[in-house]
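In the text below, chain A, chain B and the rest are named by the order of the sequence lines, each starting its count at 1. Computed from heavy atoms alone, side chains included, the values below leave out hydrogens, waters and symmetry copies.
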Protein chains: 2
Amino acid sequence: MVGYMKKNNLETKERILLAAQKEFAARGYAGARMEAIARGATINKAMLFYYFSSKDNLYRTVLFGVFSEIFGEIGRFVSRQLTPGLLLEKFPEIYIRFIARHPDLVRIMVFDLIHNPENVTAAMAEIVHEKISYKTHPLLVLIKRWYSQGLISEADPLHFMMNIIALSIFSFVGKPMVEAISGITVENNEDFYRKRIASVVNILQRGMLK
Amino acid sequence: MVGYMKKNNLETKERILLAAQKEFAARGYAGARMEAIARGATINKAMLFYYFSSKDNLYRTVLFGVFSEIFGEIGRFVSRQLTPGLLLEKFPEIYIRFIARHPDLVRIMVFDLIHNPENVTAAMAEIVHEKISYKTHPLLVLIKRWYSQGLISEADPLHFMMNIIALSIFSFVGKPMVEAISGITVENNEDFYRKRIASVVNILQRGMLK
DNA sequence: TATTATATTAACCACATGGTTAAACCAAAT
DNA sequence: ATTTGGTTTAACCATGTGGTTAATATAATA
């Protein structure tokens with residue numbers, strides 16, 4: 001009598017997490033309704049507490065998943081043989097497209113970045129440091145080497161990465177801003193993102209490549 | 001019998017708005033408690049409804065104020081005789097310092113940018129377009145001219161501004177991210193911001209100035 | 001002073017929400 | 001067939017929350 005769970009078990013848990021992610025992203029932690037999550041997963045509300053014991057715990061689980069996905073995307077990219085030129089050319093595209101495909105992840109991350117930095121710190125740290133300290137993190141070490149080789153103009157690898165991520169993420173956050181100012185609704189997302197990617201790559205390469 | 005209000009009237013309203021701004025910033029719209037706002041303004045909860053009729057309306061008022069302040073800061077800066085070099089050198093500093101001084105404003109703006117873009121669009125539009133359409137907005141016109149004069153490398157004034165704002169705002173959002181990854185708590189904000197400003201100015205000038 | 005319009009409060013209310021419970025359900029093991 | 005242990009549900013519950021109300025206080029006017 002060990003792991004012979006009902007076939008529905010896993011499915012259910014997964015369905016809950018999906019629905020929770022959507023709800024939390026749409027309304028933020030406080031605005032999210034357990035009832036709505038249950039409805040979204042087409043199960044009884046009590047199941048949420050059966051599997052996750054509390055709203056807070058459910059949220060933490062979702063948050064952890066979000067950061068795993070977001071940093072996973074970065075990690076997957078880094079693994080290859082990288083040059084600064086390649087990083088600055090490809091990363092924005094990959095990241096902006098990833099963001100555009102998973103707006104919920106960004107919403108949750110940014111919300112917590114702003115309202116519960118301690119939460120974020122904990123979740124991020126756990127994921128990023130999975131056996132790797134920041135001083136020996138391959139990407140950061142790589143960036144430092146690039147600088148000492150005179151290939152890039154930004155000495156601090158953290159600021160180097162922040163510049164890239166800032167410009168990429170803001171493509172998403174800034175869209176409504178652009179729409180508001182210009183008074184024009186961006187009808188064609190593809191066009192908008194293509195243009196945004198071009199602009200970001202341009203400023204990054206000119207700005208940080210030597 | 002026209003404007004002979006009690007002296008406390010204005011004070012009270014102002015106190016409410018201040019407290020509301022704080023509470024909304026700290027907990028987001030859904031998480032904010034009317035009771036807490038009242039306590040923060042040291043008045044009875046009923047006063048909130050007396051002056052602002054509903055939570056939603058109070059929020060709108062706060063939001064409007066937030067955007068006025070944020071865009072006011074930009075407007076104040078633009079009014080002088082600008083060169084692209086000066087803009088890219090001074091704007092990040094002014095903006096990042098403004099943001100650091102008023103984190104609540106950023107929290108509210110970013111929250112709405114992400115969760116209620118329609119809200120933002122409305123509020124922003126009302127403020128930005130106050131008699132000025134985006135096609136004739138002095139700053140955007142200026143940027144366009146710079147491009148046709150070959151002074152900058154970004155043709156679209158909206159993307160030009162987005163790049164600047166993205167890097168500036170992210171200084172604030174990204175701080176906890178840096179802390180999480182590096183595992184080091186930023187003890188000295190002044191040092192952090194100084195370094196951030198330098199990095200942003202560097203990438204902007206190298207990246208968009210010809 | 002009496003009147004009038006606004007400002008302020010304590011007590012209240014309807015309702016939504018996170019969380020619980022007790023009972024039923026269902027598949028596998030004996 | 002019966003037991004066993006995880007799974008699922010309908011019905012509840014305590015509490016918190018946005019919003020109301022009726023009564024009172026306050027200042028300006030006439």
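Within 4.0 Å of A32(A), counting heavy atoms only, lie sugar-phosphate atoms of the nucleic acid but no base atom. The residue A30(B) sits apart from the nucleic acid: no heavy atom pair falls under 4.0 Å.
Across K195(B), R196(B), R97(B), a single residue satisfies salt bridge (Lys or Arg N to Asp or Glu O under 4.0 Å) together with E190(B), and that is R97(B).
Residues F77(B) and F91(B) place their aromatic rings such that the two centres sit under 6.0 Å apart. In this structure, F24(A) has its ring center under 6.0 Å from that of Y59(A).
Of the residues in residues 53-60 of chain B, S54(B), K55(B) come within less than 4.0 Å of DNA chain D through at least one heavy atom, sorted by number.
Straight-line distance from the CE atom of M47(B) to the P atom of dT26(D): 13 Å, rounded to whole Å. Distance, I37(B) CD1 to dT17(D) P: 12 Å, rounded to whole Å. The distance between atom CE of M34(B) and atom P of dA14(C), rounded to the nearest whole Å, is 20 Å. For the pair L48(A) CG and dA10(D) P, the interatomic distance rounds to 14 Å; values are reported in whole Å. If you measure from atom OH of Y50(B) to atom P of dA7(C), you get 4 Å, rounded to the nearest angstrom. Computed from coordinates, the N44(A) CG to dA23(C) C1' distance equals 13 Å when rounded to whole Å. Going from atom CD1 of I43(A) over to atom P of dT9(D) covers 7 Å, rounded to whole Å. Summarising the geometry, the separation between CZ on F52(B) and P on dA7(C) is reported as 12 Å, rounded to the nearest angstrom.
Residue T12(B) places none of its side-chain N or O atoms closer than 4.0 Å to OP1 or OP2 of dA7(C). Distances shorter than 4.0 Å separate some side-chain N or O of Y51(A) from OP1 or OP2 on dT8(D). Here R33(B) does not reach the OP1 or OP2 of dG16(D): none of its side-chain N or O atoms lies under 4.0 Å away.
More than 12 heavy atoms of other residues, nucleotides or ligands lie within 6.0 Å of NZ in K144(B), so this atom counts as buried by the packing criterion. Y147(B) OH: 12 or fewer foreign heavy atoms inside a 6.0 Å radius.
Closest to the side chain of K45(A), from the set dG18(C), dT20(D), dT8(D), is dG18(C). Of the listed nucleotides (dG18(C), dT8(D), dT6(C)), dG18(C) has the atom at the smallest distance from the side chain of F49(A).
For the atom pair H159(B) NE2 and I203(A) CD1, the distance stands at 12.0 Å (nearest 0.5 Å).
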Item to complete: Please test N116(B) against F111(B) for side-chain contact (heavy atoms from CB on, under 4.5 Å), starting from the C-alpha separation and ending with a verdict.
Response: CA-CA 8 Å; N116(B) 308 79; F111(B) 179 87; 4.1 Å; yes

